[in-house]
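Numbers here are sequence positions counted from 1.
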Amino acid sequence: MEMITNVTEYEAIAKEKLPKMVYDYYASGAEDQWTLKENRNAFSRILFRPRILVDVSKIDLTTTVLGFKISMPIMIAPTAMQKLAHPEGELATARAASAAGTIMTLSSCASSSVEEVASTGSDIRFFQLYVLKDRNVVAQLVRRAERAGFKAIALTVDTPILGHREADIKNRLTLPLNLVLKNFEGLDLGKLDKTSDSGLASYVAGQIDPSLNWKDIKWLQSITSLPILVKGVLTVEDTRIAIQAGAAGIIVSNHGARQLDYVPATIMALEEVVKAAQGKIPVFLDSGIRRGTDVFKALALGAAGVFIGRPVVFSLAADGEAGVRKVLQMLRDELELTMALSGCRSLKEITRDHVVTEWDRPKFSPKL
């Protein structure tokens, strides 16, 4: 583990250590997996315009998210059932986030409950919410998250129906007998049919309410005072509606390419969402972040911060809490290095002029 020098190296170790069905569940995307590959490839088509001879002896990575000060603009995205990756699961991830001074988002479908995660310490955490058909269960979940000290709700809006994840269908992923979806434990949500489609994933998807719509954000606001981040926005149109609906922020996300294939990479969709938001609410990004350079590019295109998902579960599988800590530290170090080499001493100094994209290269073409 000492020889690991970048985030992506953890994936190969996780693939060796995890059962095939678990690795495939974490790693795979929807259908042809075009968007899964594009989430990474798109970053490589954005180039830097570094500024030189700037005093970068001191670099400040701190930022504020929904009023909470954190050590860096790199946060942890919600990923389900982390005890499939490591026995300590979400508890190890929570401790790693705390040590890094950043925010963890706990999945509704976690293998540790909101109360268990809260017991690791009074740090800043968000709770990812799927709106289920039974709204009483949803209200209970939200109230429990509030009581456990979670600071915001990340409402997933891109999953009215589960995406077609062929690896999960082939493998029929099921939870080992000693693991449960802890936030739903003791609730009457029907039985898991191990013979149908992708097993566990289909079961969870069967609980999600496909009638979810913009009016439900108002309903959610009526049952909680927590700020609501709308997770899964990719267009100008939905950005404007989210602001009208009272969203506290937007997470530009394609669900790690696990829902609708052939949607753009999130880094490609980011700038139009940022422009539509007009600074009224913060815009964040997830899906595809593997390097500090990726983080810098997202910030330059207007993101207020990023969330990482797969790097967390792969490093967790490889080396538990220490792995997640190392991933967060490597991304932090890489971002700091990128800032120094680009002439940026703080996040505020990262501007749109520090990157050049496919759609604005003519602007920077040399005058012959």
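- Using a distance-only test at 3.5 Å, with no hydrogens or angles considered, no donor-acceptor pair links the side chain of Thr105 to the main chain of Pro78.
- For Lys182, the side chain to side chain donor-acceptor pair (under 3.5 Å) test picks out Glu185, with sequence neighbours left out.
- Within the 4.5 Å cutoff, no side-chain heavy atoms of Leu36 are placed close to those of Asp32.
- Using a 4.5 Å heavy-atom threshold, the side chains of Pro210 and Lys133 count as touching.
- Of the possible polar contacts, none joining the Asp60 side chain to the Ser346 backbone as a donor-acceptor pair under 3.5 Å is found.
- Of the possible donor and acceptor atoms, none in the side chain of Gln128 sits under 3.5 Å from a partner among the backbone N and O of Ala154.
- The two atoms that bring Leu341 and Pro50 nearest to each other are O-CB, 3.4 Å, heavy atoms only.
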Using side chain to side chain donor-acceptor pair (under 3.5 Å), reason through Asn136 and Gln140 one step at a time and then give a plain yes or no. CA-CA 6 Å; Asn136 289 327; Gln140 280 179 56; over 6 Å; no
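- Using modelled atom types, no side-chain atom of Thr120 and backbone atom of Leu91 make a donor-acceptor pair closer than 3.5 Å.
- For Arg258 and Tyr25, the positive end sits near the middle of the six-membered ring, less than 6.0 Å away and at most 45° from its axis.
- Contact record, Thr102 with Ile70: OG1-CD1, 4.0 Å, taken as the closest heavy-atom pair.
- In this structure, Asp261 contributes its side chain and Thr35 its backbone to a donor-acceptor pair below 3.5 Å.
- Using a 4.5 Å heavy-atom cutoff, the side chains of Thr79 and Leu316 are not in contact.
- Side chains of Leu226 and Phe127 form no contact here, defined as non-hydrogen atoms less than 4.5 Å apart.
- By the 4.5 Å heavy-atom criterion applied to side chains, Val356 and Phe48 are not counted as neighbours.
- In this structure, Arg40 pairs ionically with Asp294, as a charged nitrogen and a carboxylate oxygen lie closer than 4.0 Å.
- Ionic pairing of Lys170 and Asp168 is not present here: no N-O contact between side-chain nitrogen and carboxylate oxygen is shorter than 4.0 angstrom.
- Between Pro311 and Tyr10, every side-chain heavy-atom pair lies at or beyond the 4.5 Å cut-off.
- Judged purely by atom type and a 3.5 angstrom limit, Asn213 uses its side chain to pair as donor or acceptor with the backbone of Ser211.
- Of the possible donor and acceptor atoms, one in the side chain of Arg144 sits under 3.5 Å from a partner among the backbone N and O of Asn183.
- Within the 3.5 Å criterion, the main-chain N or O of Ile243 finds no donor-acceptor partner in the side chain of Lys280.
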Using the rule given for side chain to side chain contact (heavy atoms under 4.5 Å, CB included), can you reason through Val327 versus Leu331, listing the C-alpha separation, both sets of side-chain angles and the distance that settles it, and then say yes or no? CA-CA 6 Å; Val327 155; Leu331 289 173; 4.1 Å; yes
Side chain to side chain donor-acceptor pair (under 3.5 Å) between Gln221 and Thr224: does it pass, once the steps are laid out? CA-CA 5 Å; Gln221 287 165 335; Thr224 183; over 6 Å; no
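- Between Tyr262 and Trp34, the ring planes are parallel. Angles under 30° get that label, and only those over 60° would be called perpendicular.
- Of all the heavy atoms in Leu347 and Thr62, the pair that sits closest is CD1-O, 3.7 Å.
- With sequence neighbours left out, Asp209 forms a salt bridge (Lys or Arg N to Asp or Glu O under 4.0 Å) with Arg135.
- If you check the side chains of Trp214 and Gln244, you find no donor sitting under 3.5 Å from an acceptor.
- Using a cutoff of 4.0 Å between basic side-chain nitrogens and carboxylate oxygens, Asp360 and Arg352 are scored as salt-bridged.
- In the hydrophobic clustering of this structure, Val131 groups with Val142; members are Ile, Leu, Val, Met, Phe, Trp, Tyr whose side-chain heavy atoms approach within less than 4.5 Å, directly or through other members.
- A salt bridge does not link Arg147 with Glu115: every distance from a Lys NZ or Arg NE/NH1/NH2 to an Asp or Glu carboxylate oxygen is 4.0 Å or more.
- The minimum heavy-atom distance between Glu334 and Asn6, with the atom names listed, is OE2-CB, 4.3 Å.
- Both tests do not hold together for Lys15 against Phe314: distance to the six-membered ring centre under 6.0 Å, angle to the ring axis within 45°.
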Could you check Glu166 against Ser28 for side chain to side chain donor-acceptor pair (under 3.5 Å), going step by step and ending with a plain yes or no? CA-CA 8 Å; Glu166 293 173 9; Ser28 64; over 6 Å; no
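- Between Glu321 and Lys326, none of the side-chain N atoms (NZ, or NE/NH1/NH2) sits under 4.0 Å from a carboxylate O, so this pair counts as no salt bridge.
- Ionic pairing of Lys231 and Asp286 is present here: one or more N-O contacts between side-chain nitrogen and carboxylate oxygen are shorter than 4.0 angstrom.
- The residue from Gln82, Lys83, Arg95 that alone fulfils the side chain to side chain donor-acceptor pair (under 3.5 Å) condition with Glu88 is Arg95.
- Here the side chains of Pro73 and Leu335 are in contact, with some heavy-atom distance below 4.5 Å.
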Go through the steps to decide whether Tyr130 and Thr159 satisfy the test side chain to side chain contact (heavy atoms under 4.5 Å, CB included), and finish with yes or no. CA-CA 8 Å; Tyr130 285 117; Thr159 312; 4.1 Å; yes
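- Arg310 contributes a side-chain N or O that, together with a main-chain N or O of Tyr26, makes up a donor-acceptor pair within less than 3.5 Å.
- Between Ala276 and Val236 the shortest heavy-atom distance is CB-CG1, 3.8 Å.
- Residue Ile350 comes nearest to Met339 through the heavy atom pair CD1-CG, 4.0 Å, listed as atom of the first residue, atom of the second, then distance.
- Between the Glu90 side chain and the Ser111 main chain, a donor and an acceptor come within less than 3.5 Å of each other.
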Run the numbers on Leu155 and Ile217 for side chain to side chain contact (heavy atoms under 4.5 Å, CB included), then give the verdict. CA-CA 9 Å; Leu155 175 67; Ile217 292 183; 3.9 Å; yes
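- Around atom NZ of Lys37, more than 12 heavy atoms belonging to other residues, nucleotides or ligands sit under 6.0 Å away.
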Could you go step by step and tell me if Ile153 and Leu229 meet the side chain to side chain contact (heavy atoms under 4.5 Å, CB included) rule? CA-CA 6 Å; Ile153 301 292; Leu229 298 170; over 6 Å; no
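- With a 4.5 Å cut-off on side-chain heavy atoms, Thr63 and Met72 do not count as touching.
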How far apart are the C-alpha atoms of Asp55 and Ser57, what are their side-chain angles, what is the distance that settles it, and do they pass the side chain to side chain donor-acceptor pair (under 3.5 Å) test? CA-CA 6 Å; Asp55 176 359; Ser57 54; 2.7 Å; yes
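- Looking at residues two or more places apart in sequence or on another chain, you find no side chain to side chain donor-acceptor pair (under 3.5 Å) involving Ser342.
- With rounding to the nearest 0.5 Å, the separation of CD1 in Ile289 from CG in Asn39 is 9.5 Å.
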